[in-house]
There are 2 protein chains.
Amino acid sequence: MASSKAGRRNNTDPDATRREILQAALEVLAKDGPESLSVAEVARRAGVNRGTAYQHFPTREDLAHATASWVSERMYQEFYGDLEQLEEVNEVYPPDLALERLSDFAMNNPELSRAWLFDVMSTQGNVTDKFWKKYVEELGEFTQSGYGREDMDVEVFAFITLASALLWPIWVGAHAKNSKARDKMQQRFFDEMMRLVLFGSLVPERHAKLIKRFSKRAKQD
Amino acid sequence: MASSKAGRRNNTDPDATRREILQAALEVLAKDGPESLSVAEVARRAGVNRGTAYQHFPTREDLAHATASWVSERMYQEFYGDLEQLEEVNEVYPPDLALERLSDFAMNNPELSRAWLFDVMSTQGNVTDKFWKKYVEELGEFTQSGYGREDMDVEVFAFITLASALLWPIWVGAHAKNSKARDKMQQRFFDEMMRLVLFGSLVPERHAKLIKRFSKRAKQD
DNA sequence: CATATAGTCAACAATGATGTCTACTACTAT
DNA sequence: ATAGTAGTAGACATCATTGTTGACTATATG
């Protein structure tokens with residue numbers, strides 16, 4: 001009586017299937033890294049037949065590359081997508097909101113964040129990633145607008161903030177027992193990062209020599 | 001004429017072999033993550049017979065655990081080992097030297113750094129790692145000695161500095177073409193990090209509200 | 001209705017990893 | 001000299017993954 005063909009999908013929307021596969025690949029990528037991405041594992045996770053995965057992505061490598069591109073594109077869209085129209089209105093996006101946005105984003109998209117970070121960190125040669133370029137560009141504009149210190153090394157600062165903000169959720173996931181503890185950890189990260197960008201972490205009076213040594217280009221007193 | 005038994009090792013020092021295996025495992029761990037650590041790959045990389053690896057570590061899991069412990073221990077020893085006797089003499093280790101030491105260490109031990117970071121980041125539950133505890137403890141003492149700002153969240157700050165310093169070499173490795181460019185990148189990281197801990201990254205006059213908001217516990221003006 | 005599309009299911013050979021085992025060699029200490 | 005230790009070499013069964021292929025099915029569109 002029961003249909004012997006239960007469990008069939010026969011999707012009308014191949015793009016949706018493709019996205020499901022990519023999403024599963026992203027999760028695997030975030031969990032185990034690019035080297036241990038297996039088509040079988042991805043297909044299992046996506047609830048899709050292995051053959052189906054091979055229809056969309058002829059080889060394992062194709063899947064890996066497609067996932068990397070997809071991650072890059074999604075990272076940009078999810079983070080900057082709905083912000084693009086806003087930009088022309090708001091001349092300077094406040095740093096606390098920017099950091100909060102980044103911190104929230106990382107916490108809500110831990111796999112995407114992690115996969116993106118490792119891809120962009122370890123990809124050889126010039127950085128072509130849209131999100132990275134936009135992020136650095138925004139930081140550059142911010143400093144030149146007079147709100148951020150001119151003596152910043154924007155790229156290095158971008159690296160520091162992104163690396164720590166995007167990896168923080170891993171730490172939180174491993175060390176927070178419940179969602180309340182999770183929220184508290186997220187708050188702590190935001191507070192400390194704000195504190196750091198506002199005041200640094202050294203007591204100035206105790207480090208006169210260092211201040212002299214490291215303020216070559218900064219003469220804003 | 002040539003000995004058919006060339007390539008034999010027949011080592012007198014089994015511990016050395018063990019270390020070689022662990023070192024190879026560490027490299028694999030740093031490259032591909034813990035999930036794709038294979039005994040065969042490790043043995044190949046260590047220039048050791050697969051059987052030999054199985055003599056030292058009965059299963060893949062045993063090798064993985066042993067490597068994690070070894071990484072933890074080595075991270076502590078290599079970083080703090082030769083500093084321990086010094087400590088009683090020098091009451092406060094200057095922050096620039098500390099950061100330089102960390103930055104150099106990461107650059108000279110990229111695999112160890114990376115493997116350690118991921119292990120300690122993703123290990124569930126309380127952090128028992130010696131290096132982490134020591135690092136946080138030192139930071140705590142530094143702030144309480146009056147040289148560091150009292151309002152720091154020491155653990156979060158430790159996370160930020162470690163995550164960025166230990167991952168920076170990956171970025172450098174992927175983006176620096178020669179050793180000269182490498183050195184320059186390392187210098188840039190050190191400079192920017194010092195700048196950040198000394199001055200923050202925002203121009204104070206432009207962020208009066210934020211300063212008010214984020215200086216609850218800090219009343220050192 | 002006919003056909004193309006998207007997908008399922010099952011089988012297959014090849015490859016490589018795991019874990020075990022046995023026979024062999026070289027070096028060390030008794 | 002002999003027994004033990006450390007490592008090599010090779011074989012073996014088991015399993016997972018890769019990439020391919022062929023038969024089948026549900027859905028949409030002409």
Side-chain angles (χ1 to χ4, degrees), chain A residues 1-68 70 115, chain B residues 1-68 70 115:
Chain A
M1 304 295 157
S3 151
S4 65
K5 267 72 185 181
R8 269 304 160 87
R9 293 169 54 100
N10 276 24
N11 204 337
T12 313
D13 189 352
D15 281 356
T17 307
R18 191 191 156 88
R19 274 195 301 276
E20 275 171 44
I21 295 172
L22 285 168
Q23 175 62 37
L26 158 63
E27 288 164 20
V28 173
L29 219 60
K31 203 169 70 74
D32 297 344
E35 310 302 319
S36 46
L37 186 140
S38 91
V39 180
E41 164 77 6
V42 168
R44 235 173 298 151
R45 198 177 263 261
V48 144
N49 191 281
R50 203 165 61 88
T52 307
Y54 274 101
Q55 259 176 346
H56 285 272
F57 310 97
T59 73
R60 196 193 101 112
E61 279 303 291
D62 289 326
L63 174 58
H65 288 137
T67 308
W70 189 65
Chain B
M1 303 295 157
S3 154
S4 64
K5 267 72 184 178
R8 269 308 161 85
R9 293 169 54 99
N10 278 22
N11 204 335
T12 314
D13 188 353
D15 281 356
T17 306
R18 192 190 155 89
R19 276 195 301 276
E20 275 170 42
I21 295 171
L22 285 168
Q23 175 63 37
L26 158 62
E27 288 164 19
V28 173
L29 218 61
K31 203 169 70 75
D32 297 345
E35 310 302 320
S36 46
L37 187 141
S38 92
V39 181
E41 163 79 6
V42 168
R44 236 173 297 152
R45 197 177 263 262
V48 145
N49 190 280
R50 203 164 62 89
T52 307
Y54 274 101
Q55 261 176 348
H56 285 272
F57 309 97
T59 73
R60 196 193 100 114
E61 278 304 290
D62 289 325
L63 174 57
H65 288 138
T67 308
W70 189 65

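Chain naming here is simple, since letters A, B, ... match the order of the sequence lines and numbering starts at 1 in each.
Atom-to-atom, CD of A:Q55 to C1' of D:dA23 comes out at 13 Å; the value is rounded to the nearest Å. In this structure, A:D62 atom CG and D:dG19 atom P are separated by 9 Å, rounded to whole Å. Atom OH in B:Y54 sits about 10 Å away from atom P in C:dA17, given to the nearest Å. For the pair B:I21 CD1 and D:dG7 C1', the computed distance is 10 Å after rounding to whole Å. Atom P of nucleotide C:dT15 and atom CZ of A:R60 are separated by 17 Å, given to the nearest angstrom. Here the C1' atom of nucleotide D:dT20 and the CZ atom of A:F57 are 18 Å apart, to the nearest Å. The interatomic distance linking B:E61 (CD) with C:dG19 (C1') rounds to 14 Å, in whole Å. Here the C1' atom of nucleotide C:dA11 and the CG atom of A:N49 are 12 Å apart, to the nearest Å.
Side chains of A:W70 and A:I21 form no contact here, defined as non-hydrogen atoms less than 4.5 Å apart. Using a 4.5 Å cut-off on side-chain heavy atoms (C-beta onward), B:Q23 and B:E27 make contact.
Of the two residues contacting DNA chain C, namely B:V39 and B:G51, the nearest-nucleotide position lying further toward the 5' end is that of B:V39.
The side chain of B:T17 sits closest to D:dA6 out of D:dA6, C:dC9, D:dT20.
Heavy atoms of A:S38 sit under 4.0 angstrom from primed sugar atoms or phosphate atoms, though from no base atom. Nucleic acid contact class of A:E41 (heavy atoms, under 4.0 Å, all strands): none.
In this structure a side-chain-to-backbone donor-acceptor pair under 3.5 Å is present from A:S36 to A:D32. Counting only distance, with no hydrogens or angles, the side chain of B:R50 and the backbone of B:V39 share no donor-acceptor pair below 3.5 Å.
A donor-acceptor contact under 3.5 Å links the side chain of B:R50 to the base of C:dG19.
An OP1 or OP2 oxygen of D:dG19 is reached within less than 4.0 angstrom by no side-chain nitrogen or oxygen of A:T59. OP1 or OP2 of C:dA17 sits under 4.0 Å from a side-chain N or O of B:R44. OP1 and OP2 of C:dA6 both lie 4.0 Å or more from every side-chain N or O belonging to A:H56.
The CG atom of B:L29 lies 9.5 Å from the CD atom of B:E35; values are rounded to the nearest 0.5 Å.
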